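A quick note: this is a predicted structure, and the numbers were derived from the prediction, not measured.
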Amino acid sequence: MIYISLDTNFLNVSKYKNLEKFELNSNFYEMYDLSKNKACIDKCEVLLPELVYRELLQHEMEAYRKVYDTVRQYAMQLKDLFSFNFRYTPEEYEIELRRRADQYLTEEKIETLPVCKDSQFTNILETSIKKLPPFEGVKGKADKGFKDAVIWFSLIDYAKEHPADYIFVTEDNIFQDYENKKWLYNFFEENTGQKITFYKCTEEVRQNIIEFSEESGLREVEIAVQEKEWEIYDNDRVMINTVWTLPVVKAVDLDKEPRALKYINSCIHNYYEDVKDEWIDWKQELGKMIDGEKEPYSDGIGFEILLNQASILCIRFSRYRYTGGWHGLPIWNIMTFDLSTGRQLELKDVMNLPQDRILELAARRLKEEQAICKNTNRSPYIMEDFTLEYYHNSRELKWFVDPEGVHIYFDVYEAASYSEGFIDILLSDRIYKKQGEGKSLLKLEKRKELEYAIR
């Protein structure tokens with residue numbers, strides 16, 4: 001059994017579109033759907049922290065009161081022209097919302113994580129005073145993280161009574177720092193007898209709870225091109241109608257499609273869906289604007305196979321988004337898969353180095369490239385004052401792999417002027433791949449060109 005708990009930021013709702021019902025955000029539903037996947041390594045259950053549940057109810061009630069007060073104010077100003085009554089006063093709405101929310105959790109069979117016992121608040125206080133994780137422990141921010149601390153100790157109470165493996169999903173740096181993570185892991189195990197793992201996004205959870213034990217044995221795959229027509233409706237009319245090409249990964253000379261490829265194709269399809277949803281959101285915002293304020297919006301997506309050998313598939317998805325102004329903005333998104341399992345590889349998987357060493361190497365290579373640019377005026381020209389100071393670990397580096405080796409890259413405007421485009425730097429010509437408990441050095445051949453233009 002695996003229990004998955006989510007932190008406050010992961011479940012935050014920034015805008016309530018429908019105050020007539022209670023809903024959770026897309027992050028929760030994505031994790032909830034993932035937990036019901038039959039391919040999970042074990043039965044999974046997502047826990048909705050009671051603290052977050054209460055907070056979401058409070059935020060929705062505040063949103064209702066704001067609408068209520070605004071409409072009432074306008075109604076008073078126009079009282080001779082029309083009459084308007086709300087079905088619920090704010091006090092009545094609070095009662096009704098709680099009823100509907102409780103009913104919703106029951107119908108959807110969503111488990112809640114009860115707030116920790118009163119005795120734990122003494123531990124929370126001591127943890128804060130001693131500046132221990134999950135508090136920041138930094139001057140001026142020592143008390144930051146109270147709500148996450150409550151969830152953390154709530155999870156400890158729950159784990160004492162529910163033996164299982166636990167996952168805590170959070171983007172907070174306090175849970176991602178190596179030393180803090182190690183301390184929290186040991187603290188959890190000592191106090192509950194259970195194990196816990198920290199992940200920062202749904203994709204990390206997906207990759208680690210889906211069963212990938214079925215080795216495909218694939219060294220390379222065929223890439224078919226599928227045209228996907230996206231037709232999106234708004235109020236019974238076509239709002240967007242476009243055709244994008246997407247890669248479909250197929251096994252060579254195999255009758256049955258390995259599970260690894262099913263997962264890879266699912267990841268690709270989901271990415272296209274995310275781009276489509278982003279496009280729809282912008283189109284809807286555009287529709288709300290006054291004609292004089294409207295700016296055009298267009299987006300396209302294409303792909304290029306950077307590597308397809310030695311059981312590694314690296315795909316670069318390219319987009320060009322134009323929302324008005326002098327020019328649009330090119331966007332890259334890279335996916336690198338292990339063909340034998342379907343897992344998405346991390347930079348540390350192909351570098352065979354600790355994360356801090358990778359970051360050090362990247363900083364050194366960047367300085368070397370900047371020196372070459374300065375002394376030779378070589379293009380693309382990297383800005384002299386650009387550094388990696390905002391990158392906290394190698395996971396934040398953007399990278400890809402091709403037959404030359406492992407590259408890091410920087411987005412347009414990030415390390416150079418717009419005219420220079422993307423900047424990529426060869427980080428290493430040595431590429432590794434995990435084999436059981438060890439790693440093997442890969443020998444790669446020159447890439448065969450395979451590129452599809454943006455539609």
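- Closest heavy-atom contact between Leu397 and Trp399: O-CD1, 3.6 Å.
- Under the ring pair (Phe, Tyr, Trp, His ring centres under 6.0 Å) criterion, Phe386 pairs with Phe410, not counting sequence neighbours.
- Contact annotation: the side chain of Glu45 never approaches that of Ile2 to less than 4.5 Å [non-hydrogen atoms, C-beta and beyond].
- For Lys348, there are no salt bridge (Lys or Arg N to Asp or Glu O under 4.0 Å) partners at least two apart in sequence or on another chain.
- Here the straight-line distance linking atom CG of Leu388 with atom NZ of Lys367 works out to 9.5 Å at 0.5 Å rounding.
- To the nearest 0.5 angstrom, Ile305 atom CD1 is 4.5 Å from Ile315 atom CD1.
- Between Leu47 and Thr112 the shortest side-chain heavy-atom distance does not fall below 4.5 Å.
- For Tyr409 and Trp332, the distance between ring centers is under 6.0 angstrom.
- Test Glu368, Glu384, Glu369 against Lys374 for salt bridge (charged side-chain N to carboxylate O under 4.0 Å, His left out) and you get one pass: Glu384.
- Using a 4.5 Å cut-off on side-chain heavy atoms (C-beta onward), Thr192 and Asp157 make no contact.
- Checked by atom type, the side-chain pair Glu50/Ser154 shows no donor-acceptor distance below 3.5 Å.
- Of all the heavy atoms in Ala362 and Ile408, the pair that sits closest is CB-CD1, 3.9 Å.
- Taking a 6.0 Å sphere around CZ of Arg378, one finds it holds more than 12 heavy atoms contributed by other residues, nucleotides or ligands.
- Seen from the ring of Phe303, Arg316 does not count as a face-on cation partner, given the 6.0 Å and 45° thresholds.
- Side chain of Tyr320 to backbone of Ile331: no donor-acceptor contact under 3.5 angstrom is found.
- Without hydrogens or angle criteria, Arg365 side chain to Leu426 main chain gives a donor-acceptor distance under 3.5 Å.
- The salt bridge (Lys or Arg N to Asp or Glu O under 4.0 Å) check on Asp356 picks up nothing, with sequence neighbours excluded.
- Side-chain contact between Ile334 and Phe317: absent, with no pair of heavy atoms (C-beta onward) separated by less than 4.5 Å.
- Nearest heavy-atom pair, Tyr418 versus Gly328, reported as atom, atom and distance to 0.1 Å: OH-O, 3.1 Å.
- A heavy-atom distance below 4.5 Å is found between the side chains of Tyr53 and Phe22.
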Verdict with supporting geometry, Arg206 and Glu30, side-chain contact (heavy atoms from CB on, under 4.5 Å) | CA-CA 10 Å; Arg206 185 195 309 277; Glu30 188 175 0; 3.5 Å; yes
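- Of the residues Trp183, Tyr185, Phe188, the one that meets the ring pair (Phe, Tyr, Trp, His ring centres under 6.0 Å) test with Trp152 is Phe188.
- A 4.5 Å side-chain heavy-atom check between His407 and Ile425 finds every atom pair outside the cut-off.
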Going through the distances and angles, do Ile301 and Tyr271 end up as a side-chain contact (heavy atoms from CB on, under 4.5 Å)?
-> CA-CA 11 Å; Ile301 183 168; Tyr271 172 66; 3.4 Å; yes
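- Asp349 places no side-chain N or O within donor-acceptor distance of the main-chain N or O of Leu345, the cut-off being under 3.5 Å.
- The minimum heavy-atom distance between Cys44 and Ser35, with the atom names listed, is CB-O, 3.6 Å.
- For Asp7 (side chain) and Asp148 (main-chain N/O), no donor-acceptor pair under 3.5 Å exists by modelled atom type.
- Separation of atoms CE (Met31) and CG (Leu34) is listed at 6.5 Å; rounding is to 0.5 Å.
- Interatomic distance, SG of Cys116 versus OH of Tyr158, reported as 15.0 Å (0.5 Å rounding).
- Cation-pi geometry between Lys36 and Tyr32 is met: under 6.0 angstrom from the ring centre, within 45 degrees of the axis.
- The minimum heavy-atom distance linking Val249 with Asn265 is given by the pair N-OD1, 2.8 Å.
- In this structure, CD in Glu304 is found 12.5 Å from CD1 in Ile223, a value given to the nearest 0.5 Å.
- At least one donor-acceptor pair under 3.5 Å links the side chain of Tyr29 to the backbone N or O of Leu24.
- Between Leu218 and Ser340 the shortest side-chain heavy-atom distance does not fall below 4.5 Å.
- Residues Ile312 and Leu339 have side chains not in contact (no heavy-atom distance under 4.5 Å, counting atoms from C-beta outward).
- The salt bridge (Lys or Arg N to Asp or Glu O under 4.0 Å) test applied to Glu222 returns no partner, not counting sequence neighbours.
- Residues meeting the side-chain hydrogen bond (donor to acceptor under 3.5 Å, both in side chains) test with Tyr391, sequence neighbours left out: Lys398, Glu414.
- In terms of the salt bridge (Lys or Arg N to Asp or Glu O under 4.0 Å) criterion, Lys66 has no residue partners (sequence neighbours excluded).
- In this structure, Val115 and Leu51 approach most closely via the heavy-atom pair CG2-N, 4.0 Å.
- Put simply, SG on Cys314 and CG on Leu307 are 6.5 Å apart, with the number rounded to the nearest 0.5 Å.
- Tyr413 has its ring centre no less than 6.0 Å from the ring centre of Phe422.
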Could you go step by step and tell me if Cys267 and Gln344 meet the side-chain contact (heavy atoms from CB on, under 4.5 Å) rule?
-> CA-CA 9 Å; Cys267 288; Gln344 286 201 54; 4.0 Å; yes
Dump the intermediate steps for side-chain contact (heavy atoms from CB on, under 4.5 Å) on Glu420 and Ser379, then the final yes or no.
-> CA-CA 7 Å; Glu420 302 288 5; Ser379 183; 3.1 Å; yes
